[in-house]
Each structure stands twice: as C-alpha cells, then as structure tokens.
Amino acid sequence: MKKLKLIALSLFATTGLLASCGGNNGGVGADYTVDMSIDTRGVNIEMWTSFGQSITSNLENILEEFKNETGITVTHTSKGGYENLREAISLAASGQKYPNVCNGYPDHFAGYINSDIQLRLDYLIEHDSEIPTSRTNEDGSTFYELDPIDMSSFYSDYMKENQNLEFKKDGSGYTLGLPFNKSTEVMVYNKTFIDWASTQNSNIKVPETYDELESVGKAIFTLLDNAPRAFSSSKGIFDYDDKHVATKGYVLGNDGKVYLNESECSKATKNDSVIDLTSVTSTMPFKVFSYDSQSNFFISLIRNYGGEYTHLDKSTRKGYVDFNNDVTKEALTMVKKLSNENILGIPKTWAKESFSTDAFKLELTLFSVSSSAGASKNVNGNRYEMGVSTVPVKDLSNKNVISQGTNLAILDKGSDKEIVASWKLLKYLTQKANGEFAYESGYYPCSTIGMNSDIYQNFLSGKGVSDSVEDKAKRAAANVNANVYLNDSSNWNKFVDDAFVGSSLVRTEAETIIPQVIEGALSIDEILNNAYSNLSSYVKK
C-alpha cells in the first residue's frame with residue numbers, strides 16, 4: 001500500500017492533540033491506495049472483540065461460515081468487556097501489535113484516531129466495485145466473491161456516529177466504521193396490572209410523556225390507596241408510618257379488593273391477584289417508574305428537553321460539556337418532583353448499582369426503562385404478563401431514544417491482502433450475516449439487509465422459534481425497535497452524542513447527577529456546578 005499524503009490532521013499534531021503511533025499505511029491521517037482486486041483466499045487476519053462467552057460462541061460460528069465462503073481465516077480473541085478491549089488496543093498501539101479488525105464504541109474510536117491507528121473506510125467503500133465478481137479456480141470451477149457493499153442499506157442513525165469522528169476540510173465526515181451490533185432502550189411494563197387498572201380508571205395507561213407518567217402515577221396511587229380491604233374496614237394496599245412511608249404491602253385481587261396474601265386472594269377470586277406488593281418494606285419501596293442507566297437517563301432527558309449534553313468542535317476535535325443551563329435544570333426539576341411523589345425510582349432506590357430488574361420482578365415498580373438487549377431479564381415466569389413500549393419523552397414532537405452498541409473498524413495493520421480481507425469481513429458481518437448475528441446475539445440488525453433476512457423476519461413474527469415468556473419479551477422489544485423506532489413515520493430519532501477523547505469521562509460524571517438530585521443533599525445548581533468543576537478540562541473557556 002502506498003501512502004500519498006497527510007491531510008486534515010496536521011492541525012491536531014501542531015496543537016498536541018494527536019499522539020501519533022502510526023501504522024503501516026499512515027493511519028487515519030493519510031490517504032492510501034490498495035489493490036482491491038487482489039485474491040485474498042488463504043489470508044489470515046486477527047479480530048478482537050469485547051463480547052462475552054455466549055455471543056463469542058455465536059460469532060465464531062459465523063466466522064467459520066465466512067471462512068468457508070471466502071477462504072479467509074479470522075483468528076478471533078475476546079477481551080472480555082468493552083473497556084478491556086479499548087485498553088488492550090491502546091496498549092498495543094505503540095508496538096503496532098493491535099488486530100486488523102475490532103469492534104468498539106465511538107469514544108473508543110476517538111482514541112484510536114488520536115493514536116493514528118485507525119483507517120478511514122472511504123477508499124474501500126468507493127473502490128469496492130473493483131473486487132471481481134468471481135474468480136476461476138485451478139480446476140476450472142468458479143469461486144464467487146461477496147456481493148458489493150450496499151451503503152444505502154445501513155440505517156442512517158447508525159451511520160451518523162461513524163461519520164462524526166474525523167472531518168474533511170469542508171466539514172463533512174470521513175467514514176471510520178460500519179455499524180455492527182445495536183440495541184436501544186425500551187420501557188417494559190407490568191401488563192397484567194396496567195390492563196386491569198385501566199378498566200378501573202381510564203387515566204391509567206402506558207405513558208408516552210413525562211407529564212402522562214406523572215398523571216398515571218398519581219392515578220395508580222389513588223387506586224391502590226382507596227381499594228377496600230377484605231380483611232378489615234380500612235382501605236389501601238399499603239400500611240404507612242406516621243411520615244407516610246409505606247412499611248408493608250398486600251395483594252390486590254381482580255375484584256378490586258385488598259387481601260393479606262396470594263393464598264387469601266385465590267380463595268376469593270377466580271384469576272388470583274393483579275399485583276402482589278407483599279415485598280414492600282420501608283427500605284424496599286413501591287415506585288411506579290424506574291430507569292436503569294443513570295447516564296442514559298440524564299443524556300436522554302437533556303436531548304428530549306431540547307438541549308445538548310456535549311458538543312464537538314470539528315476543527316480541533318475537542319469536546320465540551322453543554323449541560324449547565326436552564327434546559328437541564330427544568331428536566332432535573334421534573335426528576336426531583338417525580339421522585340418526591342414516589343413515582344420515580346432508580347436502581348439505588350432498591351440498593352442496586354445498575355438495574356431495577358429485581359424490583360420489577362417483585363412488582364415494586366410497574367414501568368422500567370432498560371436496555372432492549374436485556375428486556376427479557378425483567379420476566380418473572382408467569383407471575384405477570386410483561387409488555388414492552390417506547391421510552392417516555394417530554395414532547396411527542398421531539399422523540400429521542402439513545403442508540404447503543406458497537407461498530408466495526410479496520411486498524412492500520414498489514415499488507416494489501418490483509419486490508420482487503422478485513423474489508424470483506426466488515427461487509428460480511430454488517431450485511432450478509434447481520435440478521436443471523438442479530439438473531440443469535442439478541443442485538444438488532446444494523447442494515448435493512450439484516451432486518452429483512454429470513455432468519456430475522458421469522459424471529460420477529462415468532463415463526464418456528466421458541467414461545468417461552470423470555471423469547472416473547474425479546475420479540476416484543478425487537479418489534480418496538482423494528483416497527484416504531486426505525487419507522488420513518490414515527491418520527492423517532494435514534495441518537496448518539498458525538499464522541500471525543502475524554503467523552504467517556506464526561507459520561508461517568510453524568511451518571512452521578514440524577515442520583516444526587518434524588519438524594520436531595522444538594523441543590524440542582526450545586527450539583528451542576530460541581531460537575532462542571534470536576535470536568536473543567538471540558539468546559540469551554
């Protein structure tokens with residue numbers, strides 16, 4: 001491969017932002033050429049990923065299929081986590097011991113770009129047609145190459161994050177990766193209770209906005225607090241202390257009466273309970289709504305309230321925080337209000353670090369926003385039927401949901417054959433095998449080719465697949481993604497904030513903000529000012 005000239009990143013080098021390690025072909029800061037027609041059969045390339053054992057097993061089966069189709073051997077290594085992978089590649093950069101291909105988040109790629117070890121894909125995309133359709137084998141038979149890349153098949157929301165990492169002089173973005181495994185956030189809910197409660201009060205429904213969430217939450221408490229008790233003359237599903245903190249809960253039957261427990265309820269009703277709150281204590285409270293990821297919650301709130309979390313200076317590639325303002329204060333004031341009304345909880349409410357799953361299974365919360373990839377973990381056998389819906393927003397005219405999951409990159413390593421072989425692997429995983437990988441892994445297809453594949457369409461429709469409650473939940477979440485979030489007419493925006501070196505540190509700080517608001521020890525102004533002090537390197541002077 002021949003390096004022609006350095007472009008675009010010269011400014012970074014002079015300002016000290018580029019800690020260049022350099023690769024064989026000039027890294028991301030160089031134009032290059034490669035013989036796309038070269039025969040790559042027999043080539044060996046390395047791939048590092050972040051996946052755990054179950055996904056690794058599925059991926060390696062697909063890599064074996066890739067070898068059978070292309071003659072290219074992929075040596076795959078799992079680094080056992082996203083941060084482990086990023087650290088391994090960063091440590092390998094100085095000795096050019098990194099792999100040919102890796103997956104990663106945009107902020108990881110920002111670091112690789114900064115180290116000058118990641119290749120732009122624009123040349124490979126533009127010259128993909130130079131790969132011959134077929135070749136003649138020595139025995140006269142025909143060997144067929146993979147189909148050409150169809151860039152139009154990628155969902156545009158997923159491509160944005162791969163084209164907002166490094167920029168041309170005209171401000172347009174280079175393509176640094178292709179989308180691979182994707183997920184988002186959905187709201188799971190206790191359908192058994194909500195369906196029944198809606199027959200008692202028409203204001204009780206699956207909320208689409210935060211205003212609706214507040215009104216639904218209040219209606220649910222009114223219903224629960226006024227339900228007559230079958231075992232006494234008093235009312236309500238909770239016992240309260242003198243500070244109006246619920247210290248004990250009971251069971252609500254489908255006849256609208258409160259019973260001591262499931263056994264007593266089943267004696268009196270045909271279909272048992274509609275909600276069992278016997279797990280309630282003063283330290284295990286009931287909250288109508290919960291949100292797993294506190295960083296996602298904060299970032300999504302700002303976006304849905306019309307603000308920006310961070311912004312990127314395209315000319316310098318430096319990122320800045322953008323959230324200490326009235327928009328964020330309005331959003332956090334709403335959070336504080338919902339918390340004070342016992343409508344909103346977070347994992348910490350139930351002494352958990354990351355997830356509200358256990359609380360949802362115990363029916364201590366009725367609506368919970370979680371990663372679509374883990375939605376099925378909220379199932380608790382047949383205790384209740386679980387529904388899946390979109391996340392709540394501030395205004396239905398501005399609907400934003402966060403995009404999660406990784407992309408595939410080619411690092412600056414190896415010969416022409418290795419580069420072209422790596423490109424073929426990216427094409428295969430993001431298009432031809434994308435539906436299979438999505439189905440097997442629980443992630444979502446990144447392209448219409450994957451989405452429309454037989455294996456994934458059969459999964460969405462439930463044709464010929466498991467009908468367990470867990471798999472029903474997976475399909476329900478997948479259908480929200482396929483039929484709502486990705487449907488142009490629904491006006492949902494799947495977003496990822498622009499990545500930059502240090503954006504992961506900003507996200508770590510952001511994760512602490514909503515828990516601090518709920519705890520109430522500091523004012524919202526104090527919390528935001530402290531965050532800006534901790535992130536002073538990212539505050540634009």
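Worth saying up front: this structure is predicted, and the values here are computed from it rather than measured. Just so you know, these numbers use all the heavy atoms, side chains as well, and skip hydrogens, waters and symmetry mates.
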task: Say whether, by atom type as modelled, one donor and one acceptor occur between the side chain of Asn378 and the main chain of Ala375 under 3.5 angstrom.
output: yes
field: Within 45° cone and under 6.0 Å: Arg135 NZ/CZ vs Phe143 ring
entry: no
- prompt: Does a side-chain heavy-atom distance below 4.5 Å link Ile346 with Ser356?
  reply: no
task: Determine whether the side chains of His127 and Glu130 contain a donor N or O and an acceptor N or O closer than 3.5 Å.
output: yes
task: Only counting residues at least two apart or in another chain, list the ones meeting side chain to side chain donor-acceptor pair (under 3.5 Å) with Asn84.
output: none
message: So that I can tick it off, tell me whether Asp497 and Arg303 are bridged by a salt bridge, with the cut-off set at under 4.0 angstrom between side-chain N and carboxylate O.
response: yes
message: Can you see whether His76 engages Thr49 through a side-chain donor-acceptor pair at a distance of less than 3.5 angstrom?
response: yes
message: Cation-pi check for Tyr305 against Lys394: NZ or CZ below 6.0 Å from the six-membered ring centre and within 45 degrees of the axis, yes or no?
response: yes
- prompt: Will you find, in the side chains of Ser141 and Asn137, an N or O donor that is under 3.5 Å from an N or O acceptor?
  reply: yes
- prompt: Ser78 and Trp48: side-chain contact (heavy atoms from CB on, under 4.5 Å), yes or no, with the steps?
  reply: CA-CA 6 Å; Ser78 169; Trp48 292 0; over 6 Å; no
- prompt: Which word best sums up how the rings of Tyr112 and His108 line up, parallel for under 30°, tilted for 30 to 60°, or perpendicular for over 60°?
  reply: tilted
- prompt: With respect to Ile45, which candidate in Thr40, Thr75, Asn100 satisfies the side-chain contact (heavy atoms from CB on, under 4.5 Å) definition?
  reply: Asn100
query: Do any N or O atoms from the side chain of Asp116 and from the backbone of Ile113 form a donor-acceptor pair under 3.5 angstrom?
result: no
- request: Would you check if Ser403 and Thr184 make a side-chain contact, meaning some heavy-atom pair closer than 4.5 Å?
  value: no
field: Geometric cation-pi criterion, Arg317 with Phe167: 6.0 Å, 45°
entry: no
Within-4.5 Å side-chain heavy-atom neighbours: Lys329 and Ile527: no
field: Val369 and Val186: CA distance, side-chain angles, deciding distance, side-chain contact (heavy atoms from CB on, under 4.5 Å) verdict
entry: CA-CA 6 Å; Val369 174; Val186 294; over 6 Å; no
- prompt: Which value, rounded to the nearest 0.5 Å, describes the distance between Gln431 atom CD and Ile449 atom CD1?
  reply: 3.5 Å
field: Min side-chain heavy-atom separation Arg41-Ile72 under 4.5 Å
entry: no
task: Identify whether NZ of Lys or CZ of Arg in Lys540 sits under 6.0 Å from the centre of the six-membered ring of Tyr320 and within 45° of that ring's axis.
output: yes
- prompt: side-chain contact (heavy atoms from CB on, under 4.5 Å) between Thr70 and Leu146: does it pass, once the steps are laid out?
  reply: CA-CA 8 Å; Thr70 65; Leu146 299 175; 4.0 Å; yes
- prompt: Is any side-chain heavy atom of Leu528 less than 4.5 Å from a side-chain heavy atom of Leu332?
  reply: yes
message: Does the structure place the NZ or CZ of Lys182 under 6.0 Å from the centre of the six-membered ring of Tyr158, at an angle of no more than 45° from the ring's axis?
response: yes
task: Give a yes or no on whether Lys352 atom NZ has more than 12 heavy-atom contacts from other residues, nucleotides or ligands under 6.0 Å away.
output: no
- request: List for me each residue that meets ring pair (Phe, Tyr, Trp, His ring centres under 6.0 Å) alongside Phe459, sequence neighbours excluded, and say none if there are none.
  value: Tyr439, Tyr456
task: For the pair Leu124 and Ile410, evaluate side-chain contact (heavy atoms from CB on, under 4.5 Å) and give the outcome as yes or no after the intermediate values.
output: CA-CA 11 Å; Leu124 302 173; Ile410 298 176; 3.8 Å; yes
message: Using only atom types and a distance under 3.5 Å, with no angle test, would you say the side chain of Asn103 pairs donor to acceptor with the backbone of Ser50?
response: yes
- prompt: Can you tell me if Tyr443 uses its side chain to pair, donor with acceptor, with the backbone of Ala373 under 3.5 Å?
  reply: no
field: Charged N-O contact under 4.0 Å between Glu470 and Lys377
entry: no
field: Contact check, side chains of Asp157 and Phe495, non-hydrogen atoms, under 4.5 Å
entry: no
message: Regarding Asp170 and Lys168, does a basic nitrogen lie under 4.0 Å from an acidic carboxylate oxygen?
response: no
field: Row check, Phe500 ring normal vs Lys318 NZ/CZ: under 6.0 Å, within 45°
entry: no
field: Side chains of Asp412 and Gln118, donor plus acceptor under 3.5 Å
entry: no
query: Got a salt bridge between Glu519 and Lys348, using NZ or NE/NH1/NH2 to carboxylate O under 4.0 Å?
result: yes
- prompt: Relative to each other, are the rings of Tyr532 and Phe323 parallel, tilted or perpendicular (30° and 60° limits)?
  reply: perpendicular
Lys413/Glu418 under salt bridge (Lys or Arg N to Asp or Glu O under 4.0 Å): CA gap, chis, key distance, verdict: CA-CA 8 Å; Lys413 174 183 177 178; Glu418 289 178 63; 5.7 Å; no
field: Partner set under side chain to side chain donor-acceptor pair (under 3.5 Å) for Thr142, not counting sequence neighbours
entry: none
- request: Kindly say whether Asn529 contributes a backbone atom to a donor-acceptor pair with the side chain of Ser533 at under 3.5 angstrom?
  value: no
- prompt: Quick one: do the Ser295 and Ser293 side chains pair a donor with an acceptor below 3.5 Å?
  reply: yes
